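Keep in mind the model is a prediction, meaning the values are calculated, not measured. Atoms considered below: every heavy atom in the structure, side chains included; atoms not considered: hydrogens, waters and symmetry mates.
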Amino acid sequence: MRAYLLAAGTLLLGFSLAFAEPPKALVPPGLKLVPEAERPYRRLVIGIDPLLASPFMLPEGSSFDGLGDRRLAAIRRQLYWLNFELLHGQVLSAIPKRTKIFVATPDPRFHAPELGDERKEFREYLRARARWTPAEIEERVRFFVVGRAIPFPQDIAEPLGTDAEGRLVLSIGAEADVYYRDAMQQLVRSFPREFATHTLPGVNTEGGDVELVRLPDGRLALMAGHHRVLRWLEYRYGDGVLGRVVPTARVEEARAAFRKAFFGLDVLFVNEDGLRSPSLVSDELFHSDMIVNVVRGSKGVVAFVPALEGAAVDAISRQPLAPEVAKRAQVVYDQVARQLEGWRFRVVRLPFADHPVRNPVNVGKYMEPDGKQVVLLGKYPYHFALPDGPNPQRELQKRFDALSDELEAWRTRPSDAGFERVERAFRDTWVEIDRAAASRNPTFERQAKAYEAEGIRVVPVPIFPMGEGGLHCLGLAGLRPELAEPAERIAGLLRWAE
């Protein structure tokens, strides 16, 4: 399995914050800041793996060398498609038709060319599985090369909004990891008319742990996870601080640095009390997008926070969630819910009963041109028994196991009959994936109902328990104004900041 901010203000135990209007002079000329939830999803950056990748709990395609080029190519293609869908779910069938896809593709120089072309395999996946037409693929898909695979593009940068030329402005901290910086620069170099960069001085960023949000009173702020504070302190003072009490003065230093970097916006540190009391931290919750989702509903801005319920079971291991893991996560959820209420957000809790990485707030989100808020909500196979049938996740895993057995049998003793069984096993696996995706998930239904009660449209996205990332982690989304519309109209529809 893959292992995969702010000047000193009035802050009392993370519950009370005096918000100040950011000075307009601090925002670069031409830059229009837009909260993530209010972007129209006109661009989406995703990453694909090299052809040598090993799908979760399935054999590597490279282990079949010498068994015939045609059949080997067919096996690698099927494994590659499975690998993509297991990691990304069926998101490419759920996104708006207006969305253009920018695909981070591993540098072909780092593997043998006879293994194939990831771009060709991805196009074929779009045609065969996502049902995209050749015209759609040609119009909407662009590739760029990266040195290393990027499974979670959201982390490479934080989109700020658009510049005067309509380009998506991607921000990255001056202290960000080289891995993220290289990937972002390659994207911008490849598509200079679509993307621009902005360096944030003196801070460390990961897109899953920083986000521009709308405050309940309508102004913009930066929401950042407490790990950004820890990383900032490590860079500033050179000492490890994980698990240590962070003095309030040091927290305020970090706040001042992030506020300066983000144009004077107020900065909210998610789970700030965890900095002062390490017992209020969960190792499983390493980014803020795993803890809170701020969107704009029909009643105004609302913050969604997970809530573990019942006897949670890890969908991958099929084992009950360790009591200490569940307790730590729930402490953080409850603490952050109170913190958000102190910041005057309305808070809605979302039930779930899985490992914290598979939570109902790590979502894709965007706003339609008419102002309707939309969330792309991951719909995992239900991993408990349904009243009228078996456990969908367990049935899916059985099919994967059977496929693995047939592949291993054919690899060990190749034969025509054995290969026919392999082909049938692949067909049966895809059928089971679609069956699991279509099956009921009572927990998902409750989550969707909670979003819909706030006037938010929910787009279900079948996704599968694999790795350490949800829909928000898997894509870097941004906006692109319609050139046919005046900027003033776009600004009004998207509620851009002044």
Side-chain angles (χ1 to χ4, degrees), residues 34-41 44 89-91 93-96 99 154 208 211-216 218 223 270 285 287-310 312 329-330 333-334 336-337 340-341 343-354 356-382 437-465 469-475 477 494-495:
V34 185
E36 182 172 332
E38 297 175 24
R39 299 164 191 161
Y41 233 65
L44 179 65
Q90 297 176 2
V91 65
S93 298
I95 58 177
T99 306
Q154 178 63 41
E211 180 181 344
L212 293 182
V213 299
R214 184 76 64 183
L215 296 173
M223 186 170 283
V270 176
L285 300 173
H287 278 170
S288 58
D289 64 1
M290 306 170 74
I291 304 172
V292 57
N293 176 28
V294 176
V295 289
R296 198 166 191 165
S298 59
K299 306 169 191 174
V301 176
V302 57
F304 291 89
V305 178
L308 282 167
E309 65 174 17
Q330 192 62 55
Y333 297 146
D334 293 343
V336 170
L340 290 162
E341 289 170 347
W343 289 336
R344 300 188 287 277
F345 283 94
R346 284 192 314 106
V347 176
V348 174
R349 305 300 295 271
L350 296 173
F352 80 117
D354 198 346
V357 299
R358 288 177 289 279
N359 61 74
V361 297
N362 196 282
V363 301
K365 49 190 174 181
Y366 60 90
M367 189 168 281
E368 293 287 9
D370 63 2
K372 183 72 172 180
Q373 182 75 71
V374 181
V375 297
L376 300 170
L377 182 59
K379 179 176 179 283
Y380 292 94
Y382 196 55
S439 64
R440 282 196 61 213
N441 184 329
T443 303
F444 169 85
E445 292 166 5
R446 293 170 60 200
Q447 295 163 356
K449 188 173 294 186
Y451 276 112
E452 291 166 348
E454 296 295 326
I456 297 164
R457 182 165 70 87
V458 173
V459 176
V461 181
I463 191 169
F464 308 95
L471 287 172
H472 189 254
C473 304
L474 293 168
L494 298 179
R495 298 176 175 85

So which heavy atom on [X] is nearest to which on [Y], and how close?
X      : Y      : value
Pro381 : Pro465 : CD-CD, 4.1 Å
Pro216 : Arg344 : CG-O, 3.1 Å
Met290 : Pro356 : CE-O, 4.1 Å
Pro360 : Pro351 : CG-O, 4.2 Å
Ala303 : Leu340 : CB-CD1, 3.9 Å
Arg349 : Pro306 : NH2-O, 2.9 Å

Would you call Glu38 and Lys365 a salt bridge, using N to O less than 4.0 angstrom?
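The answer is no: the pair does not qualify as a salt bridge.
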
In the structure I gave you, are the side-chain heavy atoms of [X] and [Y] within less than 4.5 Å of one another anywhere?
X      : Y      : result
Glu309 : Gln330 : no
Val292 : Met223 : yes
Val301 : Val294 : yes
Leu350 : Val305 : no
Val34  : Arg39  : yes
Val361 : Ile291 : no
Val374 : Ile456 : no
Val348 : Val302 : yes

How about Asn359 and Tyr333: does a side-chain donor come under 3.5 Å of a side-chain acceptor?
-> no

**Asked** Are Phe464 and Tyr380 close enough that their ring centres sit under 6.0 Å apart?
**Response**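 Between Phe464 and Tyr380, the centre distance exceeds or equals 6.0 Å.
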
Next on the checklist: The test is side-chain contact (heavy atoms from CB on, under 4.5 Å); show your working for Leu376 and Val363 and say whether it passes.
Outcome noted: CA-CA 6 Å; Leu376 300 170; Val363 301; 5.6 Å; no

With sequence neighbours left out, the residues meeting side chain to side chain donor-acceptor pair (under 3.5 Å) with Asn441 are none

- Item | Contacts of Tyr366 that satisfy side chain to side chain donor-acceptor pair (under 3.5 Å) - sequence neighbours left out |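 Scan of Tyr366 (side chain to side chain donor-acceptor pair (under 3.5 Å), adjacent residues dropped) gives none.
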
**Q.** Candidate pair Phe352 and Gln447, rule side-chain contact (heavy atoms from CB on, under 4.5 Å), full reasoning
**A.** CA-CA 8 Å; Phe352 80 117; Gln447 295 163 356; 3.7 Å; yes

Would you confirm whether [X], through its side chain, and [Y], through its main-chain N or O, come within 3.5 Å as a donor-acceptor pair?
X      : Y      : value
Arg296 : Gly300 : no
Ser298 : Glu454 : yes
Thr99  : Tyr41  : yes

**Report entry** side-chain contact (heavy atoms from CB on, under 4.5 Å) assessment of Glu368 paired with Gln373
**Finding:** CA-CA 7 Å; Glu368 293 287 9; Gln373 182 75 71; over 6 Å; no

One pair to check against side-chain contact (heavy atoms from CB on, under 4.5 Å): Val91 and Ile463. What are the steps and the verdict? CA-CA 8 Å; Val91 65; Ile463 191 169; over 6 Å; no

Interatomic spacing from NZ in Lys372 to CZ in Arg457 - rounded to 0.5 Å: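 Interatomic distance, Lys372 NZ to Arg457 CZ, rounded to 0.5 Å: 8.0 Å.
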
Full working for salt bridge (Lys or Arg N to Asp or Glu O under 4.0 Å) between Arg346 and Glu341: CA-CA 6 Å; Arg346 284 192 314 106; Glu341 289 170 347; over 6 Å; no

- Hey, mind stepping through Glu445 and Arg440 against salt bridge (Lys or Arg N to Asp or Glu O under 4.0 Å) and telling me if it holds? CA-CA 8 Å; Glu445 292 166 5; Arg440 282 196 61 213; 3.0 Å; yes

